[in-house]
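Numbers for residues simply follow the sequence, beginning at 1. No hydrogens, no waters, no symmetry mates; every other heavy atom, side chains included, goes into these values.
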Amino acid sequence: MDTTDFALRTDYITLDALLKAAGWASSGGEAKTAIAEGRALVNGEPETRRGRKLRAGDRVEYEGRALNITGAAA
């Protein structure tokens, strides 16, 4: 599985915003649909809340790719 790090600029990012920021969803509608269908995993569990707040230490998996959420770079 392709895994990369995603550095936060604030305390958290929502799941739908992360899918768009990572380039995994081309629109908010696409992100919303994918999340509603349970295609995104947060820390190994399906997540259906698009507003789920992701913080440093969380891991998101989506269609064979993964992101480790890290804190903002100092």
Report task. Start with the C-alpha gap between Leu54 and Val60, add the side-chain angles, then the distance that decides, and say whether side-chain contact (heavy atoms from CB on, under 4.5 Å) holds. Result -> CA-CA 9 Å; Leu54 303 168; Val60 177; 3.7 Å; yes
Report task. State the OG-CG distance between Ser26 and Leu19, to the nearest 0.5 angstrom. Result -> 11.0 Å
Report task. May I have the step-by-step check of side chain to side chain donor-acceptor pair (under 3.5 Å) for Asn68 and Arg59, ending in yes or no? Result -> CA-CA 5 Å; Asn68 293 318; Arg59 176 182 171 90; 3.1 Å; yes
Report task. Hey, could you give me the OH/CG distance between Tyr62 and Leu15, rounded to the nearest 0.5 Å? Result -> 10.0 Å
**Report entry** For Ala17, side-chain contact (heavy atoms from CB on, under 4.5 Å) partners two or more places apart
**Finding:** Ile13, Thr14
Query raised in the report: Which residue pairs satisfy the salt bridge (Lys or Arg N to Asp or Glu O under 4.0 Å) criterion with at least one member in residues 20-35, sequence neighbours excluded?
Result: none
Requested in this report: Output all residues satisfying side-chain contact (heavy atoms from CB on, under 4.5 Å) with Asp11, sequence neighbours left out; order by chain, then residue number.
Outcome: Arg55
Report summary line: For residues 44-53, the salt bridge (Lys or Arg N to Asp or Glu O under 4.0 Å) pairs (sequence neighbours left out) are Asp16-Arg50, Glu47-Arg49, Glu47-Arg52
**Report entry** Residue list, side-chain contact (heavy atoms from CB on, under 4.5 Å) with Ala22, at least two apart or on another chain
**Finding:** Trp24, Leu67
Query raised in the report: Residues in side chain to side chain donor-acceptor pair (under 3.5 Å) with Thr10, at least two apart?
Result: none
Query raised in the report: So, for Ala56 and Gly71, which heavy atoms are closest and what is the spacing to 0.1 Å?
Result: CB-N, 3.6 Å
Requested in this report: Please examine the side chains of Phe6 and Ile69, heavy atoms only from C-beta on, and report whether any two atoms are closer than 4.5 Å.
Outcome: yes
Query raised in the report: Under the side chain to side chain donor-acceptor pair (under 3.5 Å) test, which residues partner Glu37, sequence neighbours left out?
Result: Arg39
